Amino acid sequence: EAQVTQNPRYLITVTGKKLTVTCSQNMNHEYMSWYRQDPGLGLRQIYYSMNVEVTDKGDVPEGYKVSRKEKRNFPLILESPSPNQTSLYFCASSFGMGNPNYGYTFGSGTRLTVV
Amino acid sequence: EDQVTQSPEALRLQEGESSSLNCSYTVSGLRGLFWYRQDPGKGPEFLFTLYSAGEEKEKERLKATLTKKESFLHITAPKPEDSATYLCAVHSRWAGNNRKLIWGLGTSLAVNP
């Protein structure tokens with residue numbers, strides 16, 4: 001089944017304790033991105049990756065890191081989490097613009113609480 | 001500044017009562033407009049992509065249309081399982097290679113049996 005897999009689904013952590021949220025896709029998509037979703041603010045892009053070893057900042061990158069060492073994986077790293085990073089996080093991937101199936105496929109989400 | 005506004009914020013329908021959701025957009029060169037469905041606590045599920053004014057797409061009870069300023073998602077004879085939040089997003093030409101989408105806040109639809 002074509003899908004984007006995120007882990008964990010739920011995570012409660014303490015301020016300052018480094019964590020990684022994993023994301024993997026099995027559709028051979030070039031493009032991957034991380035979003036956070038907050039009430040009243042909608043979906044906001046954190047980082048994106050055009051392909052292996054090519055990453056760049058989105059709208060709200062502060063406090064986050066990413067890497068793209070393999071095409072299928074795009075982990076999100078919080079080096080020193082703070083309470084304002086409590087949110088619902090989504091990983092998404094897509095084919096290139098010229099593909100008729102151009103459109104994001106989202107993971108199921110990771111609900112992160114930082115106390 | 002690119003912007004997407006969805007209305008209404010919330011909509012409650014009786015089963016079988018057709019209606020439309022609106023997505024108004026301001027964007028510097030539209031590359032694509034997207035509709036997604038999101039169930040509580042889950043990731044958005046792709047429904048449609050529209051690329052140019054006049055385009056229409058259908059899927060079961062849903063039909064999406066596009067003009068130069070807005071898009072409508074028409075829901076015909078909805079069922080309770082259509083209850084969800086419907087999200088609209090646009091991709092601007094100014095995004096360059098970044099396929100960042102500008103998202104609306106969604107319309108929360110509840111369909112009563």
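Remember, predicted model here, so these are calculated numbers, not experimental data. In the text below, chain A, chain B and the rest are named by the order of the sequence lines, each starting its count at 1.
Residues A:Tyr47 and A:Phe90 are members of separate hydrophobic clusters, defined by side-chain heavy-atom contacts under 4.5 angstrom among Ile, Leu, Val, Met, Phe, Trp and Tyr. Tracing side-chain contacts under 4.5 Å through hydrophobic residues (I, L, V, M, F, W, Y), one reaches A:Val114 starting from A:Leu11; they form part of the same cluster. No continuous path of hydrophobic side-chain contacts links A:Val21 to A:Val4 [ILVMFWY only; heavy atoms under 4.5 Å]. Residue B:Ile75 is grouped with residue B:Leu11 when hydrophobic side chains (ILVMFWY) are merged at heavy-atom distances under 4.5 angstrom, including chains of intermediate members. Criterion: ILVMFWY side-chain heavy atoms under 4.5 Å apart, direct or through other members. Under it, A:Tyr89 and A:Tyr35 are not part of a common hydrophobic cluster.
Within the 4.5 Å cutoff, the side chain of A:Leu43 has heavy atoms near those of the B:Pro44 side chain.
If you measure heavy-atom distances from A:Arg9 to chain B, the contacts under 4.5 Å come from the side chain alone. Interface remark: A:Gln37 contributes side-chain atoms only to the contact with chain B (heavy atom separation under 4.5 Å). With a threshold of 4.5 angstrom between heavy atoms, B:Tyr36 approaches chain A through side-chain atoms but not through N, CA, C or O. With a 4.5 angstrom heavy-atom cutoff, A:Asp59 touches chain B only via side-chain atoms. Contacts of B:Ile102 with chain A are absent, with no heavy-atom separation under 4.5 Å from either backbone or side chain.
Between A:Gly42 and B:Leu105 the shortest heavy-atom distance is N-CD2, 3.4 Å.
For A:Tyr104 and B:Phe34, the gap between ring centers reaches or exceeds 6.0 Å.
Within 6.0 Å of NZ in B:Lys42 there are 12 or fewer heavy atoms belonging to other residues, nucleotides or ligands.
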